[in-house]
Amino acid sequence: MLRFPVTWEAIEHAGPGKYDYEFIDYIIRVLRKCKAYGFKVFMDPHQDIWSRFSGGSGAPFWTLPACGIDPRNLTATQSAIIHCEYPLAHIADPATLPAMIWSTNYGRLLSQTVFTLFFAGRDFAPHCVIDNKNIQDYLQEHYIEAFGVLADKIRDAGDLLDDCVLGWDSLNEPFEGLCGWENLSSAPTQQGSTLKKGSYPTPAQSLRLGMGQAQTVDNWSFGSFGPKRDGTVTIDPKGLKIWADPSIETSEGVHERWGWKRDISKWKLGTCVWAQHGVWDIETGFILREDYFRYHPSTGEPLEFIADYWRPHFLRYASRVRRAHPEAILFVQPPVFAPPPKIDEVDVLKGRCAYSAHYYDGLTLITRHWNWFNADALGLLRGRYSNTLQAVKIGESAIRRSLQEQLGMLKDDAAILGPYPTLIGEIGTPFDMDGKRSYGWTDKGKYLGDYNRQEKALDASLNGGDGANGLNWTVWTYCADHTHDWGDGWNMEDLSLWSADDLPETEEQQELDNAPNGDEEDPSALYDPSVAGSRAKLLRNQSRLTVINNQAPKYKSGSSTSAATAVAATSSLSLATLGPISLPGKLQPPQRMPRLEDWTNDPYGFLTSGARAVRAFSRPWPTKIVGVPADMKFDIGKASFKLVVRVSAEDAPVAPLEDGDVHAGDDEKSQGARDSATELFVPLVHFGAEDIVRERSGAMTSRIRRNDNESGDESGSVVSSGRSSAVGSRWASSVDLPTVVPVDAIAAGDDVDLNEKRGLLDVAVKVSSGRWRVEGQTLRWWYNVPKAGEGVKEYTIEIKRRMGVIKPLLVARGACRRNKSWVERLCGEGGCCIM
């Protein structure tokens with residue numbers, strides 16, 4: 001399953017109602033490629049902090065002036081922290097942006113204002129009218145229709161809906177803005193979902209800052225024990241305001257570029273929109289209505305953001321999506337860590353729904369370190385503990401149990417919607433831990449390519465979905481242009497499961513490393529998209545090039561500052577913004593990107609090249625189950641997997657009729673339905689055959705196994721190994737290895753998929769009942785479904801690798817190496833000898 005992010009800006013950046021159909025066509029081409037490789041997809045209308053022009057991603061630029069905001073002064077007023085302008089626009093040093101500081105923007109004026117206008121403008125900003133609509137309706141209608149147009153085009157493609165695109169996520173990590181804020185002059189005393197790190201103004205202070213007034217605000221640091229107040233800091237905008245000057249529109253309120261007409265009789269530009277609604281007095285700075293956002297203006301009752309504002313928006317969005325995609329699964333995602341509201345089943349959900357909450361191990365994410373202790377963050381937010389100390393978990397076992405309990409709480413939230421599954425829409429871990437230790441930036445490069453800590457952290461998080469939870473998840477994230485220097489290319493985040501900087505070194509690179517410094521490369525190759533497919537390669541590795549701009553310091557090996565003063569941010573990178581380029585004597589060519597034919601020649605290498613903590617995220621997993629999962633365990637250190645399924649008569653597979661109904665008769669279709677199997681993904685990364693794994697280290701040449709796919713009989717509780725339960729209980733040390741033939745034994749010109757003739761896996765399997773068979777990386781398991789009146793049965797399957805755990809590979813500046821045993825370390829490459 002793939003979660004497919006698309007931003008509103010990507011579709012409607014040219015202006016209100018102007019859609020980028022060329023980009024939509026590109027999305028359709030990518031979706032068809034996903035379908036060709038068997039992926040299922042749900043679409044993600046992605047945003048963070050509203051827009052990339054306000055420190056995140058999502059909405060088009062024109063939405064900011066539509067809200068009466070001038071984005072040029074966001075940094076000066078600290079209404080938002082923007083990567084390319086950090087710490088200050090005139091002395092920007094983007095590489096020094098602290099980890100996760102971007103998320104503090106949810107506690108700053110820009111996000112607080114625009115999300116309030118988007119969700120609740122009719123109630124809290126009735127004077128804000130544009131094109132004869134309240135700003136809430138204006139923004140929501142454009143947002144919903146933009147994704148509606150995308151849905152229409154995917155439908156019109158004719159071959160994607162339901163076969164590939166199964167459903168649609170709701171707005172990514174929606175934020176309530178100021179809705180429900182109890183007192184504008186104070187901040188919450190308990191840690192909420194908004195991170196406390198760096199400057200932390202109250203909403204009242206943010207309002208004054210937005211009008212150019214200096215304020216002294218609290219400053220917070222975030223250490224191993226969470227956030228801690230760390231004195232105060234004074235922010236002085238020197239009169240700069242975030243509110244757009246009236247000159248951007250005509251005297252009638254018409255914007256000549258974007259085309260809207262503002263009702264200037266009630267909504268005046270150049271001054272705070274909340275002052276215009278009587279919330280505070282600009283001249284004195286006095287807050288007139290501290291609880292303005294706490295109560296519903298029309299009823300006077302305390303408001304509930306999710307029920308009063310998020311749910312109506314979701315219903316409008318879902319209705320538009322279903323016009324184009326009637327069978328769409330609606331992935332319901334309320335604000336982070338908040339339970340969903342009740343949603344009508346008959347008219348809205350219609351049996352097609354999944355709960356798509358997000359979860360991150362916050363302590364690891366923010367501190368960039370895998371600690372020996374952690375805390376039950378979700379339990380704290382839900383009031384499970386009376387103080388923070390009670391939530392602390394000591395030791396890895398306790399941490400893993402806690403993470404599983406927290407994801408179990410999210411799974412329980414799905415019951416509010418109905419009998420629907422939970423899919424954790426985002427989960428992951430940072431890879432730039434401990435000062436980019438794994439990139440060789442510390443300890444004289446000793447730990448270059450060592451992702452052991454990241455593997456432990458990611459395994460602990462994904463293990464949270466195991467046990468009785470049986471949760472699905474989509475890991476954040478995969479970035480094709482990830483680099484060690486700039487991470488995912490967004491706010492210094494570094495969660496990509498793959499990086500070109502972790503690819504094995506090519507012979508071309510090794511030769512270049514040995515070449516004299518005077519050797520030069522054609523500078524035009526740097527701009528050739530065929531070389532590496534991304535302009536981001538201009539920022540790739542330390543020795544590739546030096547960007548000169550206003551005497552910027554040169555790129556230093558292992559430096560976190562890199563060429564930071566020269567390049568504002570990767571999101572704004574273009575040839576025009578790079579400035580003059582000085583080419584050093586020796587340039588590193590881009591690493592060789594994996595190609596599809598590599599799967600045939602070296603499947604293990606194909607799956608692991610460039611991957612980070614691959615053993616953690618490439619896990620055994622049930623892709624289809626006859627019944628329901630009762631328990632699931634995977635021990636990454638032992639490559640051991642156990643699944644317990646619970647089966648009752650109602651789980652009996654049924655065959656579809658032509659008209660869409662189902663039956664369970666005795667015909668061929670019904671027999672096929674009864675033969676349906678539980679299917680498990682058994683990853684080669686953990687259970688690969690010995691010859692395939694050895695090929696990666698160069699110990700053996702490529703070989704092919706004869707296909708041995710005969711089925712076995714009902715075997716009861718038995719341990720068996722090989723390709724199917726028919727092979728028997730012999731182990732890998734005996735004669736049951738299939739015959740191998742050299743690659744050159746296949747006649748030239750034979751149209752054959754080598755890996756179809758090859759035993760990819762080497763597994764020992766124990767089942768409590770039934771029979772099994774391995775095909776590629778899929779294990780199919782058949783067992784009897786109880787008949788009516790027979791009650792519920794539980795079946796168990798256990799899988800391990802016959803030859804033991806595969807030793808992980810380290811990637812040292814591209815050179816793959818294995819962790820050596822103590823014998824190898826003692827004896828060296830030449831082997832042991834007697835003196």
Test Pro126 against every option in Lys266, His277, Gln136 by the side chain to side chain contact (heavy atoms under 4.5 Å, CB included) rule and name the one that passes.
His277
Would a line drawn from the ring center of Trp258 to the ring center of His142 be shorter than 6.0 Å?
no
Taking Asn134 for the side chain and Arg122 for the main chain, is one N or O donor matched with an acceptor at less than 3.5 Å?
yes
Pair Arg320 + Asp152, salt bridge at N-O below 4.0 Å:
yes
For the side chain of Thr116 and the backbone of Gln112, is there at least one donor-acceptor N/O pair under 3.5 Å apart?
yes
So do Arg316 and Asp137 actually touch side chain to side chain, heavy atoms under 4.5 Å?
yes
Between atom CD1 of Ile69 and atom CG of Leu117, what is the distance when rounded to the nearest 0.5 Å?
7.0 Å
Please report the interatomic distance OH(Tyr86) to CG(Leu88), rounded to the nearest 0.5 Å.
9.0 Å
For Phe118 and Trp8, take the angle between the two ring planes, folded into 0 to 90°, and tell me which bin it lands in: parallel under 30, tilted 30 to 60, perpendicular over 60.
tilted
Ionic contact status for Arg3 with Asp44, cut-off 4.0 Å
yes
Using only heavy-atom distances, determine whether the side chains of Asp501 and Ser499 contain a donor-acceptor pair under 3.5 Å.
no
Name the one of Trp168, Phe4, Phe331 that satisfies ring pair (Phe, Tyr, Trp, His ring centres under 6.0 Å) with Phe42?
Phe331
I'd like to know if the side chain of Asn105 and the backbone of Ile81 have a donor-acceptor N/O pair within less than 3.5 Å.
yes
Tell me if a side-chain donor or acceptor on Thr77 pairs with a main-chain N or O of Asn73 at a distance below 3.5 Å.
yes
Calculate, to the nearest 0.5 Å, the distance between atoms CH2 and CE belonging to Trp274 and Met211 respectively.
15.0 Å
Using a 3.5 Å distance criterion without hydrogens, assess whether the side chain of Thr113 forms a donor-acceptor pair with backbone atoms of Leu110.
no
Could you pull out all residues at least two apart from Ser199 that satisfy side chain to side chain donor-acceptor pair (under 3.5 Å)?
Gln78, Arg108
Does Arg368 have any salt bridge (charged side-chain N to carboxylate O under 4.0 Å, His left out) partners at least two apart in sequence or in another chain, and if so, which?
Asp432
Check this for me: Tyr26, atom OH, are more than 12 non-hydrogen atoms of other residues, nucleotides or ligands nearer than 6.0 Å?
no
State whether a side-chain donor-acceptor pair under 3.5 Å links Thr234 with Thr216.
yes
Run the ring-centre check on Phe119 versus His313 and record whether the distance is less than 6.0 Å.
yes
Check the side chains of Asp123 and Tyr309 for a donor-acceptor pair under 3.5 angstrom, ignoring hydrogens and angles.
yes
If we ignore hydrogens and angles and just use 3.5 Å, is the side chain of Asn172 paired with the main-chain N or O of Gln47 as donor and acceptor?
yes
Do Trp260 and His255 have ring centres separated by under 6.0 Å?
yes
Before we go on, tell me: are the rings of Trp181 and Phe293 under 6.0 Å apart, centre to centre?
no
Decide side chain to side chain donor-acceptor pair (under 3.5 Å) for Gln333 and Ser170; before the verdict, give the C-alpha distance in whole Å, the side-chain angles of both, and the deciding distance to 0.1 Å.
CA-CA 6 Å; Gln333 184 193 160; Ser170 52; 4.8 Å; no
Show, in sequence, the C-alpha distance, side-chain angles and deciding distance for Lys133 and Glu141, and conclude whether the salt bridge (Lys or Arg N to Asp or Glu O under 4.0 Å) test is met.
CA-CA 10 Å; Lys133 299 176 181 178; Glu141 287 176 9; 2.6 Å; yes
Determine the interplanar angle of the Phe61 and Phe53 rings, folded into 0 to 90°, and report it as parallel if under 30°, tilted if 30 to 60°, perpendicular if over 60°.
perpendicular
Pairing of Arg72 and Asp70 as salt bridge, 4.0 angstrom limit
yes
Pairwise distance OH(Tyr21) to CG(Leu150) - rounded to 0.5 angstrom
11.0 Å
Please say which of Tyr106, Trp310, Phe305 ends up in a ring pair (Phe, Tyr, Trp, His ring centres under 6.0 Å) with Phe175.
Tyr106
Can you see whether Glu426 engages Tyr360 through a side-chain donor-acceptor pair at a distance of less than 3.5 angstrom?
yes
Strictly by modelled atom types, are Trp102 and Glu493 linked by a side-chain donor-acceptor pair under 3.5 Å?
yes
Just by distance, do the side chain of Ser79 and the backbone of Ile242 share a donor-acceptor pair under 3.5 Å?
no
Sub-3.5 Å donor-acceptor pair from the side chain of Trp62 to the main-chain atoms of Glu12, do we have one?
yes
Between Arg52 and Glu9 (salt bridge meaning N to carboxylate O under 4.0 Å), is one present in this structure?
yes
Check whether Glu85 reaches the backbone of Ala92 with its side chain - one donor and one acceptor, N or O, closer than 3.5 Å.
no
Residues Pro201 and Leu209: closest non-hydrogen pair is CB-CD1, 4.4 Å
Tell me whether Asp48 contacts the main-chain N or O of Gly56 through its side chain, where contact means a donor paired with an acceptor under 3.5 Å.
no
Looking only at side-chain N and O atoms, does Asp485 offer a donor or acceptor that is under 3.5 Å from a partner on Thr483?
no
Result of checking Thr364, Asp361, Asp494 against Pro430 for side chain to side chain contact (heavy atoms under 4.5 Å, CB included):
Thr364
If every non-hydrogen atom of Gly270 is compared with every non-hydrogen atom of Trp243, which pair is closest and at what distance?
C-CB, 3.9 Å
Kindly say whether the aromatic ring centers of Phe115 and Trp50 come within a distance under 6.0 Å.
yes
Should Ser496 and Trp476 be marked as a side chain to side chain donor-acceptor pair (under 3.5 Å) after you check the CA-CA gap, both sets of side-chain angles, and the distance that decides it?
CA-CA 7 Å; Ser496 181; Trp476 186 268; over 6 Å; no
Tell me whether the rings of His482 and His484 are parallel (<30°), tilted (30 to 60°) or perpendicular (>60°).
perpendicular
Smallest separation among heavy atoms of His46 and Ser57, with atom names:
CD2-OG, 4.0 Å
Between Phe337 and His358 (judged by ring centroids, cut-off 6.0 Å), do the two rings come close enough to count as a pair?
no
Can you confirm if the NZ or CZ of Lys197 lies within 45° of the ring axis of Trp220 and under 6.0 Å from the centre of its six-membered ring?
no
Rounded to the nearest 0.5 Å, what separates atom CG in Leu207 from atom CD1 in Ile282?
9.5 Å
Heavy-atom closest contact (Ala146 atom, Ile11 atom, distance)
O-CG2, 3.8 Å
Validation row, ring centre Trp280 to ring centre Tyr292 under 6.0 Å:
no
Separation of Thr474 OG1 from Asp169 CG (nearest 0.5 Å)
8.0 Å
